[in-house]
2 protein chains.
Amino acid sequence: MPKHHRHHRGPHGHGRKRARRGAVGRSILTLLAEKPMNGYELMAELDERSGGRWQPSSGSIYPALKRLEQRGFISAATSEDDDKPRYELTDEGRQRLEAFAADGETTPPWEGDVARHGEIRGAMAELMGPARQIGRFGSADQITAATTAIKDTTSKLYQILADGPGEE
Amino acid sequence: MPKHHRHHRGPHGHGRKRARRGAVGRSILTLLAEKPMNGYELMAELDERSGGRWQPSSGSIYPALKRLEQRGFISAATSEDDDKPRYELTDEGRQRLEAFAADGETTPPWEGDVARHGEIRGAMAELMGPARQIGRFGSADQITAATTAIKDTTSKLYQILADGPGEE
DNA sequence: GTGTCGGTATCGATATGTCGCTATATTAAC
DNA sequence: GTTAATATAGCGACATATCGATACCGACAC
């Protein structure tokens with residue numbers, strides 16, 4: 001239910017709930033400079049490198065790939081074994097990256113305290129397991145107990161958010 | 001969003017974590033008897049009717065649809081506006097359903113205490129909000145506090161699972 | 001300088017598949 | 001009748017794609 005609780009912050013905190021314009025394209029270019037990948041791999045890589053802070057959806061990645069290809073910055077590598085379509089950087093793409101670098105746009109959008117920020121995601125993933133079990137197979141008593149525990153935690157997290165703001 | 005968490009543990013002693021053989025097909029037939037649907041709608045419907053207790057994945061639904069079609073129980077309705085492919089029951093499918101009914105196989109797989117079982121899903125959805133906020137924008141202290149809270153809850157849920165087994 | 005207009009990028013939801021592993025149920029063997 | 005073999009169904013992860021709503025940000029007016 002709570003979709004709000006939005007934090008507004010200064011220009012350079014880590015507070016983008018949405019990537020800045022062009023961030024997806026720049027990220028894709030940066031990653032493809034390392035090695036050719038497909039859309040799914042790009043999503044996973046971005047997710048991991050940002051420590052889960054940024055998880056671009058397929059609705060961001062695939063249109064972006066299409067745009068980049070149309071502009072000639074990347075190309076779908078038509079490999080012999082056609083089952084794995086991989087994108088790779090073209091010369092124009094490399095130039096584009098250099099242009100960014102020359103422009104001071106050196107910081108990849110996924111920069112930050114990666115290690116710490118991933119922790120919550122991991123913890124949540126672990127919580128999913130038993131929650132799912134109880135939700136699916138649990139008795140009425142178990143459901144009551146579990147729901148209470150989860151709601152308590154929700155309150156606690158809101159408290160944490162309210163207590164110490166994330167701004168530095 | 002790619003999810004690759006290889007840690008899969010937890011006490012699997014309670015209940016079936018997997019639908020019984022043939023349940024997907026029977027469910028599809030039952031639902032299609034009401035009205036034609038596509039794969040995604042079937043997934044959503046099953047999820048809702050079971051109160052989130054059973055969320056068959058695309059990996060269950062689409063192969064099942066293919067099987068059912070091959071056996072002639074359903075057919076992909078080739079509508080005029082071809083953008084929405086919908087499956088509908090054939091006469092053979094209707095006979096198949098009657099055969100199940102005659103066999104005492106009247107209980108749909110999604111039967112149960114729907115209302116109660118949905119609660120945990122709702123509670124978890126609510127927990128997601130602040131967890132995500134802290135994970136993305138939180139300070140180190142906030143992350144520590146939140147992670148601890150979540151892990152405590154995980155332990156609590158495992159305790160609940162261990163304490164009182166489901167009604168098997 | 002501030003407001004707001006509009007093009008377009010981002011994103012969640014919608015949609016459809018495939019693959020490999022594992023669980024389940026039927027049947028065969030003992 | 002229990003156990004072992006086998007077939008096949010179920011499911012999570014992988015993979016791709018589109019659409020509508022919304023958010024971003026440059027640009028132009030004021």
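Letters go in sequence order (proteins before strands), and every chain restarts at 1. Predicted, not measured: the structure shown is a model, and the values here were computed from it.
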Student: Kindly give the atom pairs (protein nitrogen or oxygen, nucleotide nitrogen or oxygen) under 3.5 Å for nucleotides 20-22 of chain D.
Tutor:
residue	atom	partner	partner atom	Å
D/dT22	O2	A/Arg18	NH2	3.0

Student: Which residue pairs satisfy the salt bridge (charged side-chain N to carboxylate O under 4.0 Å, His left out) criterion with at least one member in residues 54-75 of chain A, sequence neighbours excluded?
Tutor: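 Listed by first then second residue: nothing to list.
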
Student: Indicate yes or no: at least one non-hydrogen side-chain atom of A/Leu65 is less than 4.5 angstrom from one of A/Leu42.
Tutor: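 The answer is yes, as the side chains (C-beta and beyond) meet within the 4.5 Å cut-off.
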
Student: Under the rule for side chain to side chain donor-acceptor pair (under 3.5 Å), what residues qualify as partners of A/Thr153, not counting sequence neighbours?
Tutor: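 Scan of A/Thr153 (side chain to side chain donor-acceptor pair (under 3.5 Å), adjacent residues dropped) gives B/Thr153.
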
Student: For A/Glu69 and D/dT16, what is the distance between atoms CD and P respectively, to the nearest whole Å?
Tutor: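 Rounding to the nearest Å, CD of A/Glu69 and P of D/dT16 are 13 Å apart.
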
Student: In whole angstroms, how far is the C1' atom of C/dG17 from the NZ atom of B/Lys66?
Tutor: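 My rounded result for the distance is 7 Å.
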
Student: B/Arg86 CZ to C/dT16 C1': how many Å, rounded?
Tutor: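 So the CZ-C1' distance, B/Arg86 to C/dT16, works out to 14 Å.
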
Student: Describe the nucleic acid contact of B/Ala23 in one word from base, sugar-phosphate, nothing, applying a heavy-atom distance below 4.0 Å.
Tutor: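 Here B/Ala23 touches the backbone only, sparing every base.
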
Student: Starting at atom OH of B/Tyr62, determine the distance to atom C1' of C/dA15, rounded to an integer number of angstrom.
Tutor: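 Roughly 5 Å, once rounded to whole Å.
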
Student: Can you tell me how far the OG1 atom of B/Thr147 sits from the CD atom of A/Glu119, to the nearest 0.5 Å?
Tutor: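 If I round to the nearest 0.5 Å, the distance is 5.0 Å.
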
Student: Check every atom of D/dC25, C/dC11, D/dT18 against the side chain of A/Ser58 and return the nucleotide holding the closest atom.
Tutor: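 It is D/dT18.
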
Student: Please examine the side chains of A/Leu89 and A/Arg96, heavy atoms only from C-beta on, and report whether any two atoms are closer than 4.5 Å.
Tutor: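 Heavy-atom side-chain distance check fails, nothing below 4.5 Å.
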
Student: Measure from CZ on B/Arg20 to P on D/dC11 and round the result to the nearest Å.
Tutor: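 In whole Å, D/dC11 P lies 12 Å from B/Arg20 CZ.
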
Student: Should B/Met124 and A/Met128 count as side-chain neighbours, where that means a heavy-atom distance under 4.5 Å?
Tutor: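 Yes; the side chains approach each other to less than 4.5 Å.
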
Student: Between D/dA17 atom C1' and A/Ile61 atom CD1, what is the distance in whole Å?
Tutor: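 Distance, rounded to whole Å: 13 Å.
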
Student: Of the listed nucleotides (C/dT18, C/dA13, C/dC11), which one gets closest to any side-chain atom of A/Ser60?
Tutor: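 Between C/dT18, C/dA13, C/dC11, the one nearest the side chain of A/Ser60 would be C/dC11.
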
Student: Please, which pairs that meet salt bridge (charged side-chain N to carboxylate O under 4.0 Å, His left out) have at least one residue in residues 32-44 of chain A, sequence neighbours excluded?
Tutor: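 Found A/Glu34-A/Arg49, A/Glu41-A/Arg86.
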
Student: Calculate, to the nearest 0.5 Å, the distance between atoms CG and NZ belonging to A/Leu127 and B/Lys151 respectively.
Tutor: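 Separation between the atoms: 12.0 Å.
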
Student: May I ask you to evaluate whether B/Trp54 reaches the phosphate of D/dC11, defined as a side-chain N or O under 4.0 Å from OP1 or OP2?
Tutor: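 Yes, B/Trp54 has a side-chain N/O under 4.0 Å of OP1/OP2 on D/dC11.
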
Student: Looking at side-chain heavy atoms only, is the closest gap between A/Met37 and A/Leu32 below 4.5 Å?
Tutor: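 They are in side-chain contact.
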
Student: Compare every heavy atom of A/Ala146 with every heavy atom of B/Ile160, then report the nearest pair and how far apart it is.
Tutor: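 So the minimum-distance heavy-atom pair works out to CD1-N, 3.6 Å.
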
Student: Could you tell me the separation between the CZ atom of A/Arg53 and the P atom of C/dC11, rounded to a whole number of Å?
Tutor: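 Distance, rounded to whole Å: 13 Å.
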
Student: Once you round it to whole Å, what is the distance between P of C/dT14 and CE of B/Met43?
Tutor: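 Between P of C/dT14 and CE of B/Met43: 11 Å.
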
Student: Could you identify which residues of residues 26-39 of chain A place a heavy atom less than 4.0 Å from some atom of DNA chain C, listed by residue number, or say none?
Tutor: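 Heavy-atom cutoff 4.0 Å gives no residues at all.
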
Student: So which protein nitrogen or oxygen atoms get under 3.5 Å of nucleotides 3-8 of chain D's nitrogens or oxygens?
Tutor:
residue	atom	partner	partner atom	Å
D/dT8	O4'	B/Arg21	NH2	3.0
D/dT8	O2	B/Arg21	NH1	2.3
D/dT8	O2	B/Arg21	NH2	3.2

Student: Please determine whether a side-chain nitrogen or oxygen atom of B/Tyr40 lies at a distance below 4.0 Å from atom OP1 or OP2 of C/dT14.
Tutor: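 For C/dT14, OP1/OP2 do have a side-chain N/O of B/Tyr40 under 4.0 Å.
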
Student: Which nucleotide wins on minimum distance to the side chain of A/Arg132, given the candidates C/dT10, D/dG12, C/dT18?
Tutor: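 The answer is D/dG12.
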
Student: Quick one: CG on B/Leu29 to CZ on B/Arg94, what's the gap to the nearest 0.5 Å?
Tutor: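 So the gap between those two atoms works out to 10.0 Å.
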
Student: For the residue pair A/Gln133 and B/Tyr158, establish whether any side-chain heavy-atom pair is separated by less than 4.5 Å.
Tutor: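 A/Gln133 does not reach B/Tyr158 side chain to side chain.
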
